[in-house]
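A quick write-up on the structure given underneath.
Because the structure is a prediction, the values reported are computed rather than measured. Order of the sequence lines fixes the chain letters, A, B, ..., with proteins taken first and strands second; residue numbering starts at 1 for each chain.
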Protein chains: 2
Amino acid sequence: MNTIQYALLSLLAREPLSGYDMKQQINLKINPFWKISNNQLYPVLGKLEKACFIQLKAIEQDGYRPARKIYEITDAGLEKLKEWIAAPSETDVIRDEFTVKLFNSWLLEPEKMINILADRKRQHEEKLLLYANKMKELAVRPEYGDIETPLFSTAAILNLRMGYERSYMEWCDNMGMLLQGSLDQKSKTAKL
Amino acid sequence: MNTIQYALLSLLAREPLSGYDMKQQINLKINPFWKISNNQLYPVLGKLEKACFIQLKAIEQDGYRPARKIYEITDAGLEKLKEWIAAPSETDVIRDEFTVKLFNSWLLEPEKMINILADRKRQHEEKLLLYANKMKELAVRPEYGDIETPLFSTAAILNLRMGYERSYMEWCDNMGMLLQGSLDQKSKTAKL
DNA sequence: GTCTTCATGTAAACGGTTACATGATTAC
DNA sequence: GTAATCATGTAACCGTTTACATGAAGAC
């Protein structure tokens with residue numbers, strides 16, 4: 001059992017869903033947390049069904065549209081999931097392409113680097129706004145604040161990711177100022 | 001060309017290295033930024049050599065030890081690397097197993113969750129200390145502060161990761177207090 | 001006598017991405 | 001008439017992990 005399989009169980013622990021729904025939720029709604037493609041999704045659903053952690057609940061047909069295979073989690077699946085979440089996790093290696101580029105920033109003219117940092121900040125600001133908007137949507141729901149509802153967990157993830165985006169933005173600012181300061185000093189020395 | 005190949009070029013842009021050295025630097029020294037296994041490393045080195053982005057500089061033999069194949073970056077490789085770092089990057093999806101577990105925190109007793117959060121905070125504190133120590137090592141070097149040296153880029157990555165660890169720790173604290181507050185209120189109501 | 005380090009490499013399997021396929025409908 | 005949405009699925013490939021192999025020296 002790998003993380004993506006537990007992610008699917010996590011979704012079904014909240015409500016019965018079709019494969020299509022799960023993909024949407026992972027890629028869009030729960031976007032801060034994982035990603036999945038069709039090719040992974042359908043075989044993995046098959047595996048989970050074979051292992052009796054999920055089962056087909058219904059097949060919905062809405063007019064001309066393709067049939068929707070709705071899955072639900074089984075008792076065994078819920079048990080498996082609960083076991084997993086209680087087990088300790090290592091901190092994962094963050095593989096961020098930008099960091100590798102940053103490792104080479106000394107090869108770049110400071111002026112270019114300042115622009116790249118400004119761009120980068122904008123990207124993280126966008127994400128922050130996205131999360132903030134999702135948070136606003138959650139805050140008006142009546143269960144908001146109740147720690148025993150799924151909503152609480154979703155809000156917790158959003159909070160975590162908002163903290164990440166804010167710290168990234170702060171870093172962009174600091175780096176930008178550092179480089180700018182270095183440039184200013186250089187032009188001063190050149191004048192003298 | 002994928003990120004790991006550019007990561008190897010990045011290392012060779014600083015100094016000639018053997019495959020073994022590169023693995024050590026990626027997995028240990030530059031731990032905050034990527035990871036590589038033998039199976040990926042040696043075929044990828046072969047590819048880079050074939051593409052003429054790196055070349056064999058020397059074969060060192062130190063007594064009984066296996067021969068070290070020292071590689072260096074070519075002009076073409078440096079050019080390719082510079083092109084890449086100037087090109088814009090998307091923000092990568094952060095795949096963190098813990099986040100998926102967090103998505104299920106509503107299934108867990110708050111007491112257990114409080115413990116998990118305390119553990120998690122400890123993990124990130126350890127990483128923060130690790131980065132802080134590396135930073136101290138860099139700070140005493142004479143080139144420190146000069147934005148045109150590799151050291152500056154390394155320090156920038158450490159700064160970024162330290163910000164990440166700090167924001168994670170802060171979030172752990174906030175989440176812990178929220179849960180604790182909710183528990184206290186519950187026991188109060190129970191007494192009345 | 002077993003474990004670790006140095007240094008190269010390979011085999012097999014799993015995880016994940018990109019692209020394609022179907023077929024009806026709605027939107028521009 | 002082209003593109004997007006809904007909903008399932010497959011083929012081929014690339015990226016990554018785990019495990020194994022060699023062989024000599026030094027540490028416990």
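Residue A:Glu126 qualifies as open at atom CD: its count of foreign heavy atoms under 6.0 Å is 12 or below. Within a 6.0 Å sphere centred on CG of A:Asn133, other residues, nucleotides and ligands contribute more than 12 heavy atoms.
Under 4.0 angstrom from either OP1 or OP2 of C:dT8 there lies no side-chain N or O belonging to B:Tyr20. Contact check, B:Tyr42 against C:dT8: a side-chain N or O comes under 4.0 Å of OP1 or OP2. Distances shown here put a side-chain N or O of A:Arg95 below 4.0 Å from the OP1 or OP2 atom of D:dT17.
Atom-to-atom, CD of B:Gln40 to P of D:dA19 comes out at 17 Å; the value is rounded to the nearest Å. Following rounding to the nearest Å, B:Glu60 (CD) and C:dT8 (P) show an atom-to-atom distance of 10 Å. One can place CZ of A:Arg68 at 13 Å from C1' of D:dT5, the figure rounded to the nearest angstrom. The distance between atom CG of A:Leu41 and atom P of C:dT17, rounded to the nearest whole Å, is 13 Å. Rounded to a whole Å, the CD1 atom of B:Ile26 is 11 Å from the P atom of D:dT17. Residue B:Asn38 contributes atom CG, which lies 15 Å from atom C1' of C:dA12 at whole-angstrom precision. In this structure, B:Asp21 places its CG atom 13 Å from C1' of C:dT8, rounding to the nearest Å. The distance from atom CG of B:Asn27 to atom P of C:dT5 is 14 Å, rounded to the nearest whole Å.
Among the protein residues, A:Gly63 comes within range of no part of the nucleic acid, since none of its heavy atoms lies under 4.0 Å from any strand. A:Asp62 comes within 4.0 angstrom of no nucleic acid atom, judged by non-hydrogen atoms across all strands.
Minimum atom distance to the side chain of B:Ser37 is reached by D:dT18, of the listed D:dT8, D:dT18, C:dG23. With distances taken from any side-chain atom of B:Trp34 to the nucleotides D:dT16, D:dG15, C:dG15, the minimum falls on D:dT16.
Where A:Ile4 and A:Arg65 meet DNA chain C, the nucleotide closest to each residue was compared, and A:Ile4 sits on the side nearer the 5' end. Both B:Tyr64 and A:Lys69 sit near DNA chain D, but only A:Lys69 has its closest nucleotide nearer the 5' end.
Note that B:Arg120 lies in the cation-pi zone of B:Phe98, set by a 6.0 Å cut-off to the ring centre and a 45° limit from the axis.
Side-chain contact of A:Gln123 with B:Thr91: a donor-acceptor pair under 3.5 Å is absent, judged by distance alone.
In summary, the aromatic rings of A:Trp84 and A:Tyr6 are positioned with their centroids under 6.0 Å apart.
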